[in-house]
Colleague: 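I have a structure here, written as structure tokens, and I will follow up with some questions on it.
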Amino acid sequence: MNMPANRPIISVRGLSVGYGNTPVLRDLAFDCRPGQFISLLGPNGAGKTTLLRTLSRHLSPLAGEIRVQGRPLASLPAMDLARIMAVVLTDRIAPPLFTVFEFVALGRYPHTDYLGRLGAGDRLAVTTSLAAVHALNLAHRLFADLSDGERQKVLMARALAQEPQVLLLDEPTIHLDLKHRVEVMAILRDLCRTKNITVIASLHDVDVAAKVSDRVALIKDGGMIDWGAPESALTPEAVAGLYDFDKAEFNRHLGGIELRGEGDRGRAFVVGGMGSGALVYRMLAKKGFAIATGVVHTNDLDCFVARSLGADCVTVDPMETIDAAAAQQAATLLDDCDFVIDSGFMIGAGNLANFDLVQTALNRGKTVFSLRPHEPGTPLAAGCVHCNTAVQLIEALDGFAAPSTLCRVQEA
């Protein structure tokens, strides 16, 4: 029975899950609707797998209620549940002598007779399921001979052969290389859109969850600390609290995590803007430099990256021309830095003050590294250390000893 999109296919109220009499998660309440991709996020041991095993009826709830299509989960006959819900857990299985086609055909058990005989419709369902996960070419191979990535796709095909409306997965990309991780997540996302299947998956990649999920559940400290659309639930503060980050920050505008550096090699001022500084900021953080930057617009990629890396930023509003006040603030910040990097930003009427800022740094005796194309006779050509690529900039900085670093060494 297909559910209307506005009615929950799974509804949870007052649910506590755990083992024996020991709860792992308490007082959970949420609804899962047809066609949604729902990600369970949280640290290891938080209870994500326990929740999935309870939703799939591998474990009994300690308290509360789970309803599937409006019916109590506990009351559903096994075959009825198998026609609604399929499960892919993390158990490493290697059935001997099964071909991929035969293994996927095991998923047809809710639809075959008591002897498990396959009809033409069952064989078509197996073939269709393999095609849906891009594994039709594996049909005649032995399951035991497959790579981890191939096995994961075949496990999903077996689940799809059940023709479920809900697919539960426990860390579906945990053993996969990058190629197969991306492919599996794309397949799962497409199943939600094309087949209206509700996918509920425990994940560790917050950046991936932000890109594919309709809802995320943040699970920690014995409960669900938030539930909602990733665009609202996955704030930098929420993700940092969920995983106890102290040297990283999730940025929802970028859809990823930025790793902050130690800042013990000196302090760099980057004259950036228009996306030209993002690569430089990351490189400086990786190399252990503290970062200041300006003047950048608040809707600029550079602003998002720099702030995620903990940089001191001088900013102006979107589309605004950089004014004298902002330029002066940047010049003051620049004075406290050991060197300056000209990121090679494009020059226009709105950011001429940044070009002047580079010249100000030279006039004040600062070492200026520049990624601007070196054209003899143009302004700045004589005073900058020109680097044609980011690699050359890294090499130049590796040979540069910041004055503040030297002072710390001498004091020690």
Side-chain angles (χ1 to χ4, degrees), residues 7-34 36-74 76 81 85 87-90 166-174 188 192 198-246 248-252 257:
R7 290 183 58 192
I9 191 166
I10 294 179
S11 184
V12 169
R13 294 293 181 272
L15 180 67
S16 293
V17 303
Y19 301 90
N21 294 318
T22 305
V24 176
L25 298 173
R26 301 176 179 86
D27 198 27
L28 305 181
F30 58 90
D31 291 327
C32 306
R33 301 185 185 281
Q36 286 186 331
F37 193 117
I38 297 160
S39 295
L40 309 181
L41 301 175
N44 285 336
K48 302 185 298 295
T49 298
T50 306
L51 175 56
L52 285 173
R53 287 183 174 273
T54 306
L55 292 175
S56 63
R57 213 163 66 179
H58 286 78
L59 291 173
S60 297
L62 301 186
E65 183 180 55
I66 304 170
R67 287 184 171 269
V68 177
Q69 291 186 337
R71 301 160 65 187
L73 175 63
L76 285 171
L81 182 60
M85 182 184 295
V87 184
V88 180
L89 300 177
T90 53
V166 178
L167 182 57
L168 305 183
L169 303 104
D170 189 15
E171 300 185 25
T173 62
I174 189 171
L188 292 173
C192 295
T198 301
V199 171
I200 307 174
S202 66
L203 298 176
H204 279 298
D205 294 328
V206 179
D207 52 343
V208 173
K211 295 176 175 67
V212 303
S213 304
D214 298 294
R215 294 291 184 272
V216 293
L218 308 189
I219 297 174
K220 188 181 181 183
D221 297 334
M224 186 179 294
I225 60 177
D226 202 359
W227 164 275
E231 292 79 10
S232 60
L234 294 180
T235 65
E237 297 77 16
V239 175
L242 186 65
Y243 294 104
D244 297 321
F245 287 158
D246 60 355
E249 180 173 303
F250 176 79
N251 189 301
R252 58 177 147 183
I257 294 171

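Below, all heavy atoms of this structure are taken into account, side chains as well, without hydrogens, waters or symmetry copies.
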Colleague: To the nearest 0.5 Å, tell me how far Leu242 CG sits from Glu237 CD.
Modeller: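 That separation rounds to 13.0 Å.
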Colleague: Between Ser56 and Arg53, is there a donor-acceptor pair closer than 3.5 Å when you use the side chain of the first and the backbone of the second?
Modeller: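 At least one qualifying donor-acceptor pair exists.
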Colleague: Hey, could you give me the OG/CG distance between Ser39 and Leu188, rounded to the nearest 0.5 Å?
Modeller: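 Rounded to the nearest 0.5 Å, the OG-CG separation comes out at 9.5 Å.
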Colleague: Can you find a heavy atom in the side chain of Leu76 that is under 4.5 Å from one in the side chain of Arg57?
Modeller: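 They are in contact (side-chain heavy atoms under 4.5 Å apart), so the answer is yes.
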Colleague: If you measure from the Lys or Arg side-chain nitrogens to the Asp or Glu carboxylate oxygens, is any gap between Lys220 and Asp226 under 4.0 Å?
Modeller: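 Not counted as a salt bridge, because no side-chain N and carboxylate O are separated by less than 4.0 Å.
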Colleague: State, to 0.1 Å, how close Ala233 and Ala238 come at their nearest heavy-atom pair, and which atoms those are.
Modeller: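 Between these two residues, the closest heavy atoms are O-CB, 3.4 Å.
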Colleague: So do the side chains of Leu62 and Val17 get within less than 4.5 Å of each other, counting heavy atoms only?
Modeller: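 No, too far: nothing below the 4.5 Å cut-off.
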Colleague: For the residue pair Phe37 and Val212, what are the closest heavy atoms and their distance?
Modeller: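 For Phe37 versus Val212, the nearest heavy atoms are CB-O, 3.5 Å.
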Colleague: Would the distance check show the side chain of Ser11 and the main-chain N or O of Pro8 forming a donor-acceptor pair, the cut-off being under 3.5 Å?
Modeller: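 Not at all, since once roles are kept as given, no pair shorter than 3.5 Å links the two residues.
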Colleague: What's the spacing between Asp221 CG and Ile219 CD1 if we round to 0.5 Å?
Modeller: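 Here the rounded value is 12.0 Å.
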Colleague: Let me confirm one number: the CD1-CG distance from Ile200 to Leu167, rounded to the nearest 0.5 Å.
Modeller: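 The CD1 atom of Ile200 sits 9.0 Å away from the CG atom of Leu167.
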Colleague: Would you please test His58 and Leu89 for side-chain contact (heavy atoms from CB on, under 4.5 Å) and show each step?
Modeller: CA-CA 11 Å; His58 286 78; Leu89 300 177; 4.2 Å; yes
Colleague: Do Thr198 and Ile10 have side-chain heavy atoms sitting under 4.5 Å apart?
Modeller: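 Thr198 does not reach Ile10 side chain to side chain.
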Colleague: Could you give the distance from CG (Leu81) to CG (Leu73), rounded to the nearest 0.5 Å?
Modeller: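 Going from the CG atom of Leu81 to the CG atom of Leu73 covers 6.0 Å.
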Colleague: Is there a side-chain contact between Leu169 and Val199, using heavy atoms and a 4.5 Å cut-off?
Modeller: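 Side-chain contact under 4.5 Å: yes.
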Colleague: Using every non-hydrogen atom in the two residues, find where Leu234 and Phe250 come nearest and quote the distance to one decimal.
Modeller: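 Shortest heavy-atom separation between Leu234 and Phe250 comes out as O-CE2, 3.3 Å.
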Colleague: Could you walk me through whether Met224 and Leu25 pass the side-chain contact (heavy atoms from CB on, under 4.5 Å) check?
Modeller: CA-CA 8 Å; Met224 186 179 294; Leu25 298 173; over 6 Å; no
Colleague: Below 4.5 Å, heavy atoms only, C-beta onward: do Asp27 and Leu15 meet side chain to side chain?
Modeller: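 They are not in side-chain contact.
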Colleague: Say you draw a straight line from OG1 of Thr235 to CD of Glu249; how long is it, rounded to the nearest 0.5 Å?
Modeller: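 If we round to the nearest 0.5 Å, Thr235:OG1 and Glu249:CD are 9.5 Å apart.
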Colleague: I'd like to check Trp227 versus Leu28 (side-chain heavy atoms, cut-off strictly below 4.5 Å). Are they in contact?
Modeller: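 Side chain of Trp227 against side chain of Leu28, heavy atoms only: no contact under 4.5 Å found.
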Colleague: For a 4.5 angstrom cut-off between non-hydrogen side-chain atoms, does Arg252 reach Glu231?
Modeller: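 Arg252 vs Glu231: side chains apart.
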Colleague: Can you tell me if Ser213 uses its side chain to pair, donor with acceptor, with the backbone of Val216 under 3.5 Å?
Modeller: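 The answer is no, because no donor-acceptor pair under 3.5 Å joins these two groups.
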Colleague: Locate the shortest heavy-atom distance separating Pro172 from Ser202; write the atom from each residue and the value.
Modeller: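 Here Pro172 and Ser202 meet closest at CD-O, 3.4 Å.
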Colleague: Might you point out which heavy atoms bring Gly47 and Val24 nearest each other, and give the distance in Å?
Modeller: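 Minimum heavy-atom contact is CA-CG1, 3.7 Å.
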Colleague: Before giving the answer on side-chain contact (heavy atoms from CB on, under 4.5 Å), spell out for Lys48 and His204 the whole-Å C-alpha distance, their side-chain angles and the decisive distance to 0.1 Å.
Modeller: CA-CA 10 Å; Lys48 302 185 298 295; His204 279 298; 3.9 Å; yes
Colleague: Checking the side chain of Tyr243 only, and the main-chain atoms of Gly42 only, is there a donor and an acceptor separated by less than 3.5 Å?
Modeller: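 Side chain of Tyr243 to backbone of Gly42, a donor-acceptor pair under 3.5 Å: yes, one is there.
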Colleague: Is the shortest side-chain heavy-atom distance between Asp170 and Leu40 below 4.5 Å?
Modeller: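 No, too far: nothing below the 4.5 Å cut-off.
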Colleague: So Arg13 and Asp31, salt bridge (Lys or Arg N to Asp or Glu O under 4.0 Å) or not? Walk me through it.
Modeller: CA-CA 9 Å; Arg13 294 293 181 272; Asp31 291 327; 3.0 Å; yes
